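Report on one structure; see the data block that follows.
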Amino acid sequence: MATLTQLIENVPTDSNLTVAVAAAADSAVLEAVSMAVARNMVRFRLYDDESATTAMMREHFPQLLDHPDIQLHHVSSLEMAAEEAVKSVYRNDSDILMKGQIATAILLKAVLHPDYGLRTGRVMSQIAAFEVAGFDRLIFVTDAGMNINPDLPQKVQIIQNAVQIARSVGVVMPIVAPLAGVEVINPNMQATLDAAALTAMNRRGQIKNCIVDGPFALDNAISIDAAKHKRIAGDNAGKADILLVPTIESGNILYKSLVFFSNAKVGSIVAGAKAPIVLTSRADSAESKLYSLALAICSSLT
């Protein structure tokens, strides 16, 4: 899979999956919904003020009014939108949770609720799939949005979440590069120690369905030429599919650098919960939200 457009084209139609959208009265959200139902990708349960949602549909997306694949559910606040959307997934009425025009903190409060939340005991982590000009493959970045400073056991689960997503879109044996500031083990740099441990765990069968190799600096993780120039040995240098960042700050910077400096296309979801969560930024385009939905659908079907 080389592009996110190919990802959308390969999403099965009539998947019988339903997406619960918290705070759906937003033009980019409804545009993504419109594109998804036009492709018969999924059905939707939209949680928001019904009159506001209907008015927006009538003005901008009349094709969504009375659409058989769309249900409107009235709520009177953002908190209620989050609660009802999460409960829909909790009750198995919906298969995917999607963030609309709502703050991440409000949605995650509902996701983590002790009575109806979506925790499973696994680490939840964000996986972003980037289409970057000049690359013949999607580049996955994790975790740029959930875990602040993950320790080694958390990094194991973050890798497992990312591998599951990558495999769901056709990357059979993804190469995982734990990133650090250097590509050698330095006892004073925890990221390099964790990378070495993760590599050893993978080779001993403790992390499956992927190849973990590191530590790598970013350049020699993704560029064969850079790896050759630095005389880094091994079959995996420069070929990473999944970039495991050491902290949320480094992940956030890498994520936004790809978007704003290189105009990379991106779709992202949160894995590790009861169901995939489309947790895009409120500023993300409808196209990006559609890519994220495609990732979530592929994840749900594996």
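None of the values given here were measured: they were computed from a predicted structure. Note that the numbering runs from 1 along the sequence shown for the chain.
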Between [X] and [Y]: side-chain donor-acceptor atoms closer than 3.5 Å:
X      : Y      : result
Ser125 : Asn161 : yes
Gln190 : Asp194 : yes
Thr54  : Ser51  : no
Ser168 : Thr302 : no
Gln63  : Ser34  : yes
Thr104 : Lys99  : yes

Looking at [Y], is its backbone amide N or carbonyl O close enough to the side chain of [X] to form a donor-acceptor pair, meaning the two atoms are under 3.5 Å apart?
X      : Y      : result
Ser15  : Pro12  : no
His74  : Glu50  : yes
Glu59  : Met56  : no
Asn220 : Ala226 : no
Thr192 : Asn186 : yes
Asp26  : Gln101 : no
Thr199 : Gly214 : yes
Ser288 : Val266 : yes
Asn202 : Cys210 : yes
Ser292 : Ser268 : yes

Evaluation steps, side chain to side chain contact (heavy atoms under 4.5 Å, CB included), between Ser76 and Asp49: CA-CA 6 Å; Ser76 57; Asp49 181 277; over 6 Å; no
Closest non-hydrogen atom pair between [X] and [Y], with its separation:
X      : Y      : value
Val86  : Gly117 : CG1-CA, 4.3 Å
Ala2   : Gln6   : N-OE1, 3.0 Å
Ile242 : Pro174 : CD1-CB, 3.9 Å
Gln126 : Gly145 : OE1-N, 3.2 Å
Gln154 : Asn149 : OE1-O, 4.3 Å
Pro215 : Ala196 : CD-N, 4.4 Å

Kindly work out whether a path of hydrophobic side-chain contacts (I/L/V/M/F/W/Y, heavy atoms less than 4.5 Å apart) joins [X] to [Y].
X      : Y      : result
Tyr116 : Leu107 : yes
Val33  : Leu97  : no
Ile248 : Ile159 : no
Leu293 : Val169 : yes
Ile253 : Leu179 : no

Sub-6.0 Å ring centroid separation between Phe130 and Phe135: no
Given side chains that start at C-beta, do those of [X] and [Y] come closer than 4.5 Å, heavy atoms only?
X      : Y      : result
Leu17  : Arg43  : no
Arg137 : Ile139 : yes
Thr5   : Glu9   : yes
His73  : Leu46  : no
Val270 : Met146 : yes
Thr18  : Ile96  : no
Val11  : Arg39  : no
Met57  : Ile70  : yes

More than 12 heavy atoms from other groups under 6.0 Å of CG on Asp66: no
Arg91 atom CZ: more than 12 heavy-atom contacts under 6.0 Å: yes
Test side chain to side chain contact (heavy atoms under 4.5 Å, CB included) applied to Tyr90 and Leu118, step by step: CA-CA 6 Å; Tyr90 177 79; Leu118 306 181; 4.2 Å; yes
Side chain to side chain contact (heavy atoms under 4.5 Å, CB included) between Asp241 and Val176, worked out: CA-CA 6 Å; Asp241 300 293; Val176 182; over 6 Å; no
Nearest 0.5 angstrom please: [X] [atom1] to [Y] [atom2], how far?
X      : Y     : atom1 : atom2 : value
Asp95  : Asn16 : CG    : CG    : 9.0 Å
Glu31  : Leu64 : CD    : CG    : 10.5 Å
Leu30  : Phe61 : CG    : CZ    : 5.5 Å
Lys87  : Ser94 : NZ    : OG    : 14.0 Å
Tyr291 : Met35 : OH    : CE    : 8.5 Å
Leu279 : Met98 : CG    : CE    : 10.5 Å

For residues 228-240, please give each side-chain donor-acceptor pair under 3.5 Å, one per line with the distance, not counting sequence neighbours.
residue, atom, partner, partner atom, Å
Lys230, NZ, Asp219, OD2, 3.1
Asn236, ND2, Asp213, OD2, 3.2
Lys239, NZ, Asp235, O, 3.1

Residue that, paired with Gln157, satisfies side-chain contact (heavy atoms from CB on, under 4.5 Å) out of Asn147, Ile207, Val123, Asp143: Val123
Member of Leu72, Val21, Asp93 meeting the side-chain contact (heavy atoms from CB on, under 4.5 Å) criterion with Arg45: Asp93
Criterion side chain to side chain contact (heavy atoms under 4.5 Å, CB included) on Leu198 and Arg203, from CA distance to verdict: CA-CA 9 Å; Leu198 293 166; Arg203 291 174 180 173; over 6 Å; no
Salt-bridge contact Asp284-Lys289 (side-chain N to carboxylate O under 4.0 Å): no
